[in-house]
Amino acid sequence: MTLILGIETSCDETSAAIVADGRLIHSLVTASQIDIHRAFGGVFPEVASRQHVMAIVPVIEEALAKASATWSDIDAIAVTQGPGLVGSLLVGVNTAKGIAASARKPLVGVNHLEAHFYANWLVERPAAGGDAEPQLPPAPQFPILCLIVSGGHTALVHVSEHGNYELLGQTIDDAAGEAFDKVARLLDLGYPGGPMVEAAASAGNPAAFDLPRAWMKETHDFSFSGLKTAVLRLVQKHAGADAPQSLRKSREGALPPRVVRELSIPDLAASFQEAVVDVLVEKTRLAAAAQPVREVLLAGGVAANKALRRAMSERLGVPVRYPPLKFCTDNAAMVASAGYFQYLRHDWATWDMDVLPNLGLIRAQRAGPLEI
Ligand code: KG4
Ligand code: ZN
């Protein structure tokens with residue numbers, strides 16, 4: 001059995017996990033900063049990195065204790081190297097380097113987007129039940145088409161085997177999660193935006209408003225800025241002189257009362273969600289039909305959206321998998337899983353490993369293993 005300690009600090013969750021053989025979670029501890037950033041209506045980078053500094057050591061210690069593991073049980077340390085907020089990433093990477101150096105363990109730098117993909121491999125260890133390791137459900141089967149939908153990315157990726165990715169298409173403007181967050185702010189639904197829009201939408205009629213869908217024909221690319229602007233225009237039309245001028249500036253409390261009286265916010269949320277889901281599902285269906293794939297996997301925070309999960313399963317015609325709800329958003333278990341497969345490939349970091357805030361999905365293989 002190979003045990004990996006995963007560390008994730010790319011955005012606003014300080015998370016550590018111990019995962020066996022890339023799949024079985026022995027422990028996962030996450031300190032969320034959601035309540036702190038709620039006051040700003042989004043993640044405040046400076047505050048985020050300082051919170052990571054305070055939380056990282058207790059979170060790692062708790063992960064070890066919950067797994068009843070000691071440093072000698074751990075085979076390697078995997079840490080998110082990018083993409084993400086530079087100050088936040090630095091806390092995780094430097095902590096991981098310190099541990100790897102002092103415990104003399106290999107260090108693996110993980111791509112956060114790749115980690116989201118590996119959330120689909122994760123299985124929780126039953127709470128009680130003796131020493132016997134549980135029977136794992138079958139792992140995803142390659143070749144895979146993965147739809148990554150997070151706060152910063154929206155991409156369709158063909159994965160022929162572990163570590164071998166081909167980017168088929170991506171958003172040319174906003175990410176799907178970003179559109180959810182901006183519309184949530186505009187409609188005063190609160191933070192974080194995605195779950196709030198989903199909750200409001202559950203009481204609304206998705207056919208109430210005819211919102212635009214950008215099909216980006218002949219490509220596997222996406223665009224969500226037109227849809228987001230259409231929601232803004234609707235609000236402006238009803239708000240008159242009090243209208244917010246842009247989605248970026250609008251904050252909680254910005255929605256003019258007249259809009260709430262004249263527009264049904266649940267209907268608008270449901271129509272917006274339906275438009276996002278429609279595009280994501282149809283474009284994934286076309287991409288899955290364009291090349292041989294055995295499974296379609298969803299990954300990233302927006303994969304937690306139940307309307308998206310349902311529509312994917314119903315409309316795709318290919319087996320669809322999505323991670324358990326709690327592993328869709330940022331967590332260290334998915335980092336440990338991705339790190340395990342990288343560890344097996346000897347794709348290890350060197351001591352000069354730096355954070356890569358703008359890291360894309362495809363990167364060069366590392367030169368060689370770390371000397372320990
Ligand atoms: O993957 P993630 O935790 O962080 C990034 O790597 O970006 O994704 C966060 C994004 C946010 O934009 C959030 O609003 C969105 O995922 N999200 C959702 C839902 N839960 C989280 N979007 C739609 N429906 C949800 N239930
Ligand atoms: Zn993420």
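Atoms within each ligand, like the ligands themselves, are counted from 1 in listed order. Because the structure is predicted, anything quoted here is derived from the model rather than measured.
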Could you list which atoms of ligand 1 come closer than 4.0 Å to a heavy atom of G177? 12 (O)
When distances are taken from atom 10 (C) of ligand 1, the protein heavy atom at minimum range is G151 N, 3.4 Å
Looking only at protein heavy atoms, which one is nearest to atom 22 (N) of ligand 1, and how far off is it? G194 CA, 3.3 Å
Show which atoms of ligand 1 fall inside a sub-4.0 Å distance from at least one heavy-atom site of T329. 3 (O)
CD1 of I25 to NZ of K326, rounded to nearest 0.5 Å, is 7.5 Å
Between H116 and D330, do the side chains contain an N or O donor and an N or O acceptor separated by less than 3.5 Å? yes
Side chain to side chain contact (heavy atoms under 4.5 Å, CB included), paired with V86, selected from D354, V355, N358: V355
Can a side-chain donor-acceptor contact be found between D174 and S225 if the only test is distance below 3.5 angstrom? no
Identify, for atom 24 (N) of ligand 1, the protein heavy atom at the shortest distance, and state residue, atom and that distance. N305 ND2, 3.0 Å
Atom 17 (N) of ligand 1: closest protein heavy atom, distance to 0.1 Å, is G301 O, 3.5 Å
Parallel, tilted or perpendicular: which fits the ring planes of F40 and H37, with parallel below 30° and perpendicular above 60°? tilted
Of all the N, O or S atoms in H116, which one sits nearest to the Zn ion (ligand 2)? NE2
Answer with yes or no whether the side chains of R233 and Q236 bring together a donor and an acceptor at under 3.5 Å. yes
Going by side chain to side chain contact (heavy atoms under 4.5 Å, CB included), E282 matches just one of V279, L286, T284, D278. Which one? L286
Students often mix this up, so state it plainly: with edges at 30° and 60°, are the rings of H162 and F142 parallel, tilted or perpendicular? perpendicular
Between the side chain of E8 and the main-chain N/O of S10, is any donor-acceptor distance below 3.5 Å? yes
Report the part of H116 (side chain from C-beta onward, or backbone N, CA, C, O) that has a heavy atom under 4.0 Å from ligand 1; answer both or neither where that applies. side chain
So is G152 close enough to ligand 1, meaning a heavy atom under 4.0 angstrom away? yes
Linking I/L/V/M/F/W/Y whenever their side-chain heavy atoms sit closer than 4.5 Å, directly or via other members, would F117 and L167 fall into one cluster? yes
Distance-only N or O hit between ligand 1 and G300, under 3.5 Å: no
Closest to the Zn ion (ligand 2), which N/O/S atom of D330 is it? OD1
Short N or O distance, P192 and ligand 1, threshold 3.5 Å exclusive: no
Among V183, I148, V43, D181, which one has a heavy atom closest to atom 11 (C) of ligand 1? D181
Test of ring centre spacing under 6.0 Å for F272 and F180: yes
Taking distance alone, with N or O pairs closer than 3.5 Å, would you say H112 contacts ligand 1? yes
Any idea which protein heavy atom is nearest atom 2 (P) of ligand 1, and the distance to it? D330 OD1, 3.4 Å
Decide whether an N or O pair under 3.5 Å exists between F180 and ligand 1. no
Of the listed options K306, E198, E8, closest to atom 26 (N) of ligand 1 (non-hydrogen atoms): E198
Please determine if the Zn ion (ligand 2) has an N/O/S atom from H112 lying under 2.8 Å away. yes
